[in-house]
Amino acid sequence: AEAARSAAVAQLRGDGHRAGPTTAAPALPSDAPGPAGSGSMRTSVAKILHTRRELCEDCPEEVADSVLAELVDGFLRCSCEQSRKHMPDVQTLQAKLREEDRLRNLQWLVQACCTMNFSDSVLFATVHTFDRFYAKCGHRVPQEDSPRILLGIICIALKNNAGQDSLSNAPLHEQLAHLCHKQMSFRDVVRTEFQVLSALEFETTVPLPLEFLDTLSVPLTSPAEDPDCSPPRCLASFLLHLALFRLTLLYRYPHCILAAASIYVALCNFDAPVTTFQALLEDVAFACPELRSSSHLVVDCARHLHTAWCEFAITRGYSVPSVLGKFCGRKIHETALLTPPPLTALARPVATLAATFGHCDSTGQGGGGPPESNAAAASPGAAAAAPATAAG
């Protein structure tokens, strides 16, 4: 997708650049929609990107985004498959890393990313790689080694994001030295990085909840503005941040479902029209065709996110102070951040869809089984990560 976008920008600017053999976009699945036009595009995301081609003719960067319309459907489905393959086993992770140690590292990580102005991509990639490493490590890692491992994983995340997320243009070794207050040499960080890469078999660029959020929230954002300028998108990002601190919730559902559920709660909070919910649920159903009832999963996950939000509000955010400091006042007004909608608001859109179209699931396949059984079947290790949880 990036190769196609870069080639389109170059062609629109007239510089004659063409993508070479090494930059060709990967082939789409045989059942993925082809580039024949909007008629072959299944998701609302693809259709909206296609319409932007005519609306943004004066801006090459924005017109280039319309190229993604031909790729997003196949990308979304392939990303769902890859994401599930790389889910860490929660039971193994809990046996090797104490919850209080993980939470302490996460609090520091969120604050550090805010201080260094690292993007959310670096934050989510670091958390996911950190959890995968501990789940795959053959032995219990001493707690005193966690800061070193975390710094090595941040190094990996910065490299994967091209190092463009820092507050300054400082070299990578200077950024890492600033993070650890020069208490660790760059050589030690690189050695740790290699240790992590070896444990993960060098598979570190896997689809994350944030990427699914960015894709599924395209209908809610404008290409000319920062995604956080969209209130529903910003609120959904806040809910995903809360999920990072709840291990069983983070890996209980496929990440596409988790991202869709965060958008679902945000749309409920802003009382969005039912057609917006319908488009979201249909996009998820297309992306995850193997799930028997993706809509039920989205709503069930939304209830758990709502519970996390309510508990955050009860403590006025001090249960997760790093998230409070990141969002309160700067991205979301404090009143909105500490006032979740009632639980009954989550059931309203699905009830309306069921009354209008005769079913809850946008695939037209009916209920398909209880949400809990779907969650356990959809995510590796989910059965161990699904204790009874209050619904509000």
K.L.:
Does some side-chain heavy atom of F118 sit less than 4.5 Å from a side-chain heavy atom of Q175?
P.N.:
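Yes, their side chains come closer than 4.5 Å.
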
K.L.:
Would you please test F327 and H333 for ring pair (Phe, Tyr, Trp, His ring centres under 6.0 Å) and show each step?
P.N.:
CA-CA 8 Å; F327 284 89; H333 192 274; over 10 Å; no

K.L.:
Nearest 0.5 Å, please: how far is OG1 in T129 from CG in L150?
P.N.:
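Reported to 0.5 Å precision, the distance equals 10.5 Å.
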
K.L.:
Considering non-hydrogen atoms only, spot the tightest contact between C268 and P349 and give its length.
P.N.:
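Result for this residue pair: SG-CG, 3.9 Å.
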
K.L.:
Taking all non-hydrogen atoms of both residues, which atom of C301 and which atom of L249 are closest, and how far apart?
P.N.:
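That closest heavy-atom pairing would be SG-CD1, 4.3 Å.
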
K.L.:
Give a yes or no answer on whether the side chain of W309 reaches the backbone of L337 with a donor-acceptor pair at less than 3.5 Å.
P.N.:
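Pair found, side chain donor or acceptor close to backbone of L337.
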
K.L.:
For atom NE2 of H178, decide whether the heavy atoms of other residues, nucleotides or ligands shown that lie under 6.0 angstrom number more than 12.
P.N.:
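No.
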
K.L.:
Step through it carefully: locate the ring centre of H128, locate the ring centre of H255, and say whether they are under 6.0 Å apart.
P.N.:
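Between H255 and H128, which both carry aromatic rings, the centre distance is below 6.0 Å.
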
K.L.:
Ignoring hydrogens, what is the shortest heavy-atom contact between V127 and Y251? Give both atom names and the distance.
P.N.:
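Smallest interatomic distance, heavy atoms only, reads O-OH, 4.3 Å.
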
K.L.:
Where is the tightest heavy-atom contact between L280 and L267, given as atom of each residue plus distance?
P.N.:
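Minimum heavy-atom contact is CD2-CD1, 4.3 Å.
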
K.L.:
Tell me, please, which residues at least two apart from T275 pass side chain to side chain donor-acceptor pair (under 3.5 Å).
P.N.:
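In terms of side chain to side chain donor-acceptor pair (under 3.5 Å), with neighbours along the sequence ignored, T275 is linked to no residue.
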
K.L.:
For the residue pair L97 and R102, what are the closest heavy atoms and their distance?
P.N.:
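Here L97 and R102 meet closest at CD2-CB, 3.7 Å.
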
K.L.:
With a sphere of 6.0 Å drawn around CD of E99, does it hold more than 12 non-hydrogen atoms of other residues, nucleotides or ligands?
P.N.:
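Open.
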
K.L.:
Classify the side-chain pair D300/Y253 by whether it contains a donor and acceptor separated by less than 3.5 Å.
P.N.:
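There is such a pair (donor and acceptor under 3.5 Å, judged by atom type) between the side chains of D300 and Y253.
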
K.L.:
Identify whether the distance between the nearest side-chain nitrogen and carboxylate oxygen of D271 and R348 falls below 4.0 Å.
P.N.:
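Not counted as a salt bridge, because no side-chain N and carboxylate O are separated by less than 4.0 Å.
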
K.L.:
How far apart are the closest heavy atoms of D101 and R104, and which atoms are they?
P.N.:
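The pair with the smallest heavy-atom distance is OD1-NH2, 2.6 Å.
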
K.L.:
Quick one: are V320 and L324 in side-chain contact, heavy atoms under 4.5 Å?
P.N.:
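Not in contact.
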
K.L.:
Rounded to the nearest 0.5 Å, what separation is found between the OG atom of S121 and the CG atom of N161?
P.N.:
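Reported to 0.5 Å precision, the distance equals 5.0 Å.
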
K.L.:
Can you check whether Y264 and H306 have ring centres sitting under 6.0 Å from each other?
P.N.:
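Ring centres of H306 and Y264 not closer than 6.0 Å.
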
K.L.:
Side chains of P340 and F312: closer than 4.5 Å at any heavy-atom pair?
P.N.:
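P340 vs F312: side chains apart.
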
K.L.:
Just checking, any donor-acceptor pair under 3.5 angstrom between side chains of Q107 and Q111?
P.N.:
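Looking only at side-chain atoms, Q111 and Q107 do not form any donor-acceptor pair under 3.5 Å.
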
